[in-house]
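Labels below follow one simple rule: chain letters A, B, ... track the order of the sequence lines, proteins then strands, and each chain is numbered from 1.
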Amino acid sequence: MMRLDPIAAPSPARTLGLPALAILATIALAAGLAAIAGANPLETFGLIVKGAVGSRFATLETLNRATPLIFTGLAVAVAFRARLWNIGAEAQLYAGALMTVVIGTQLGLPGPLAIPLMALGAIVAGALVLLGPVLLKTRLGVDEVVTTLLLNFIMALFISYLLEGPLKDPMGMGWPKSPALPRDARLPRIVEGLRLHWGFALALICAAGVWVMQTRTTLGYEIRAVGQNPQAARFAGIPVGRVLVKTALISGGLAALAGFSEVAGLKGNLTSDLSPDFGYTGIIVAMLALLHPLGVVVSALFVAGIFVGADSMSRAAEVPTYIADILLAAALLFMVLAILLTRYRVVRG
Amino acid sequence: MTDQDTAQGETVLRLSGITKRFGALTANDAISFSLAKGDVVALLGENGAGKTTLMNILFGHYTADEGMVEVFGQALPPGQPGAALAAGVGMVHQHFTLADNMTVLENVLLGTGSLWSPGLGKPAARRKLQALAQDFGLLVDPDARVAELSVGERQRVEILKALYRDARILILDEPTAVLTPQEADALFLTLRKMVEQGLSVIFISHKLHEVMAISSRVLVLRHGKLVGETATKATDRHQLATLMVGAEIEAPAPAEARPGAVLMRLDGVSTAPQGNRPGLKAVDLELKAGQILGLAGVSGNGQGALADLISGLEAPASGRLEIAGHPVTGWSPRSALLSGIGRIPEDRHRTGTVADFSLTENAVLESYRDAPIARAGWMDWAAARRATEAIITKYDVRCPGPEARIRLLSGGNMQKLILGRVLEAAPRIILANQPVRGLDIGAVTYVQEQLIAARDAGAAVLLISEDLDEILTLSDVIRVISGGRLSPEFARGEKTPAELGQWMAGQGFDHAA
Ligand SMILES: Nc1ncnc2c1ncn2[C@@H]1O[C@H](COP(=O)(O)OP(=O)(O)OP(=O)(O)O)[C@@H](O)[C@H]1O
Ligand SMILES: [Mg+2]
C-alpha cells in the first residue's frame, strides 16, 4: 500500500523542480501524441510555439485570446478563495455580453457614454446571475456547484431564444446573431493599427485590483478567513453570509467583463458561439495559477498560447487541434500532482 | 501503580537519540528512554517543550532527523503510523482526529477494514466496541454523529479507537485536559485496567496531581531536552514543577472581590437544544463588574449553549438578555464584541483560530476592521504585525515569529495568543471557556492572574470550567449547571467540593424540573 506523508518544510528543489517536471511531462505526453498522429514531435512543438508567439500577429492573437480567460480565471479564483464553487462563469459571461449588446444597440447613446455604461451593465448582470445561487446557498444550504452549473445551460438556451427572436439582427440574413454595436461603442485599440483592444488592459487592471483587494483590504481578509475556516470566521464576528454575497458579486462581475470585452472589443455583436467555453477554461486557468490573481494572468497567457499555437499548428501539420485540449488537461493534471508532491511524499507501508 | 515494581518488566519500547529540528528550532534534542511492560510514564514539560513532537515521532507521524524507535525489540520504520499501529502502538492525539460527519462506530472502524465494504462486520464491531466501552467505562453512543459530541465525548471515542485496534502501548497526549475530574478518575481506572492486562502507557499532562496519582515514572522535557527522569515515588509536586519550569510556581490567591454594577443579565433565557446538546432552560444569570463567576458542571450540561449565547452565536429563543441594563437586539458575534464581551472559546482549533493563517492574521481576527488595524476598509498589516508582536512578547507566545502559520504552534502557545487577542481589547465582560485547558503550570498561573487582574480592573468574568479546583481557586461566586439549568449562586467557600459535586450530579434541581 502507498501512503502520503506531509512534508513539514519542502525544499526549494522540490517546490521549483516538481512544477518544472510537470511541464516536461506534459510536453513529453504531447510529443508522444503528435508522433502517434504521424507528425514529427519537435516540429509540432516548434509550430505551436511559432503559432503562439512566432510573429507579431500571432502574439497579438494570443493576447486577445487570453483576455476573456483572465477575466473568467479571476472570477473563479476570487470565488474559490472563499470556497464558493462558482462553476457558472460561462453563464455570467453571456449575461455580461447580453447586457453589453442591449445597452450598446438599444439606447442610442454616444460612444463615450455607452462604453462605461455597457461595462457597468455587464458587471451588474453577471453579479445578479451569481447572486441567486449564492443566496440559495447561504439561506437554504443549496449546493452552488449544481445551481451555477445548471445556470450555464439555462443561459445558453435563453441566449439562443433571444438571438432567434427579440434580439435577432434584421439585417443578419437569417443568422442567429444580434445587431452589431455602432462603431463608436466599440473598445478602441490600444495602439492604432495593432489588433489588440483595451479589454486586455482592463483585464490586467482587474488582476492587479483583485490582488490588492485580496491582500490589502478587509474584504480580502474576510474572504480568506471564510474560505479557510467559516466556523472561526463566524465566531470572530465576520458576517459569513454577507462576505459570500460580496464575493459572488465580484466574481460574477469579473466573469461578465469577459463577455463585455469580447463583444465590445472583438466581435461587435452577440452570437451563441461567442465563448468557446471561456467560462469553464477559467477554472483551469485559476487552478493552474493556484488561485493567485497575478498568476491568473500568466496561466491565461499560457493557456491562450496553447490554443492559438495549436490552431495554427494544425493548419500547417496534419495534427488535429484536439492536441490543445489534451495539452491543457495534461498540464492541469501534472500540475496538480506536482503541487501535491511538493506538500506530501509518497511512502510505501 | 506507584507501588508496582516495573524494574524487571520486559522492555516494550525504546527510543534512542531522537532528534527533531524544525528549521532553526530543535524540538527534540537527543532524547532516549525506554518503557517496560506495565509502565505508566508521565511526560512533563512546558508548552512547546517538544512532548507532542516526540510522541508524533514515536507514532510515525513525523520522521526523526536522528535516532530510532524500537517496539518489542523491532526497529520501527520511521514515518509510518501504519507500522506503529501494527506493532501495537495506539495514540490519542491532543488535537482530535475524528471524522465529524461520521458516527462513533464508523470512526472507530475507519481504517481497520476494507475501504470497499465499510458495512462488513459492523454487528461484530459494535459488540466489541460496546464491550470495550463497558469494560473501560468509556460510555458513548456508537450511533451518535461525532459532530454532535462534546469535546469530552470525542476523547472517549479516540481512546476507544486505539483500544479497538488492540494497542499494547497507548500514548495519550493530554487526555485529561478535556475531562472533568470525575471523567479523569474514570480514565485512570481505565488505565489501571490496561496496566493489569500488561499494557504500557505514556501520557502527557500538565496536571501534577494526576502525574503523582497515576504514573510509575516521570520524564521531564525542557526546550527539547530530557532534563529529568525519576520514579514517581521518589519525587513530589514541587520538585517536578521546579524541574519543568526551572522555578517554583505559586497558585494565585485572589484578594476579596469588590463587585459593582450588573453588566450582563439573563432573565429566564431558554435556547433550543442542538442534537445531543441540551439548550438552556429558563436561566437567570447576573454578571457583575469586578467579579468572577465560576460555572461548574459536568461537560455537556448546557455550558456549550450558554457559551454560544454569550458569544453571540445564538440568540435567546425566549427570555431577555440585557447588557449594561439594555436588552440586546440583533444578537450576533459582532454585536457581542461591540458590547465589550471578550470571548475565550472552548475549542481553539475550530473556533478560536484559522489554522493556515499566520499569527498576525489570527491575532486581528476580531479587530481587523477597526483602527489602527484597518482604516476605511484598508488593512494596515504593519500595525497588525506590531500588535501581534506585542501580544507575543507580553503573553510569552513561543513561536517562530508573527508570520508563522498558527497550526505550527504548540497547543498552549496557541491559547496564549487567543488570550492576548481577547485581553488586549480590554473587554468589560469576559467569557472564559476552559481558558487554561492544555496550559503548563506556569502558563496556567499566568492566565489566571490575568483574569484576576481583569476582574480587579472592573471586568465581569464568567469562568466556565469542568475543573472544580480551578473554579474553587478563582471564583468569587459559583453556580452549577446541570441539564441546562443553573443552581442558585453560592458564595466563595459556601459549599464544599463534595456538595458542589452533588449539584453537578443534578441533585438539588428537582424543584425546578
Ligand atoms: N510542523 C512543525 N513545524 C515547525 N515547528 C513545529 C512543528 N511542530 C511543532 N513545532 C514547534 O516545535 C515546538 C514543540 O512543539 P510541541 O507541539 O511538541 O510542544 P508540546 O511540548 O507538545 O507543547 P504543549 O504542551 O503546548 O502541547 C514548538 O515550538 C512548536 O512551535
Ligand atoms: Mg503538545
Side-chain angles (χ1 to χ4, degrees), chain A residues 1-12 14 80-83 138 141 143 209-243 246-247 249-250 290-292 339 343-349, chain B residues 20-23 27 53 60-63 77-86 307-308 311-313 332-338 341 343 345-357 361-362 364-370 373-381 384 406 408 418 421:
Chain A
M1 226 182 45
M2 303 221 284
R3 275 186 323 105
L4 291 176
D5 231 27
I7 299 173
S11 64
R14 230 183 158 85
F80 280 20
R81 264 273 176 261
R83 301 252 163 115
T138 54
D143 187 356
V210 168
W211 183 61
V212 169
M213 184 275 286
Q214 283 186 340
T215 53
R216 304 257 166 250
T217 68
T218 51
L219 177 62
Y221 173 75
E222 289 175 326
I223 290 176
R224 288 185 293 127
V226 167
Q228 298 210 9
N229 185 345
Q231 186 175 340
R234 189 163 108 82
F235 178 80
I238 296 175
V240 174
R242 229 180 306 156
V243 169
K246 287 183 196 167
T247 309
L249 296 180
I250 295 172
L290 302 180
L291 308 186
H292 193 293
I339 290 158
R343 291 186 198 159
Y344 298 89
R345 77 168 61 81
V346 180
V347 269
R348 302 172 144 281
Chain B
K20 178 72 183 174
R21 296 182 199 92
F22 296 113
T53 304
H61 273 302
Y62 287 162
T63 319
Q80 293 185 22
L85 271 172
D308 280 1
S311 306
L313 290 168
S332 70
R334 176 84 178 139
S335 47
L337 283 168
L338 291 176
I341 303 179
R343 299 111 12 105
E346 176 182 17
D347 189 336
R348 51 185 168 244
H349 299 283
R350 290 148 171 270
T351 38
T353 57
V354 178
D356 278 318
F357 268 15
E361 288 168 315
N362 273 293
V364 300
L365 258 182
E366 295 178 339
S367 56
Y368 71 92
R369 27 182 148 191
D370 312 315
I373 307 303
R375 284 194 179 80
W378 291 89
M379 301 290 298
D380 182 347
W381 285 115
I406 203 160
L408 300 181
I418 294 176
R421 173 173 90 197

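The aromatic rings of B:Y62 and B:F22 stand perpendicular to each other, their planes meeting at an angle above 60°, with 30° marking the opposite boundary.
If you tally non-hydrogen atom pairs under 4.5 Å between each of B:D308, B:D380, B:D356, B:L338 and chain A, the highest count goes to B:D356. No other option in B:S332, B:P345, B:P77 has as many heavy-atom pairs under 4.5 Å with chain A as B:P345. Highest contact tally toward chain A, considering only B:R334, B:E366, B:R350, is held by B:R350 [criterion: heavy-atom pairs under 4.5 Å]. Chain B forms the most heavy-atom pairs under 4.5 Å with one residue out of A:T218, A:N229, A:L219, and that residue is A:T218.
For a residue to count as touching a neighbouring chain, one of its non-hydrogen atoms must lie under 4.5 Å from one of that chain's; by this rule B:W378 touches chain A with backbone and side chain alike. Only the side chain of B:L337 comes within contact range of chain A, judged by heavy atoms closer than 4.5 Å. Proximity to chain A (any heavy atom under 4.5 Å) is shown, for B:S335, by neither the backbone nor the side chain.
Taken from CD1 in B:I373 to CH2 in B:W381, the straight-line distance is 9.0 Å, to the nearest 0.5 Å. Here A:R234 contributes atom CZ and B:T351 contributes atom OG1; the two are 11.0 Å apart, rounded to the nearest 0.5 Å. Separation of atoms CZ (A:R224) and CG (A:L291) is listed at 12.5 Å; rounding is to 0.5 Å. Considering CG of B:D347 and CD of A:Q231, their distance stands at 7.0 Å, rounded to 0.5 Å. Expressed to the nearest 0.5 Å, how far CZ of A:R242 lies from OG1 of A:T138 amounts to 11.5 Å.
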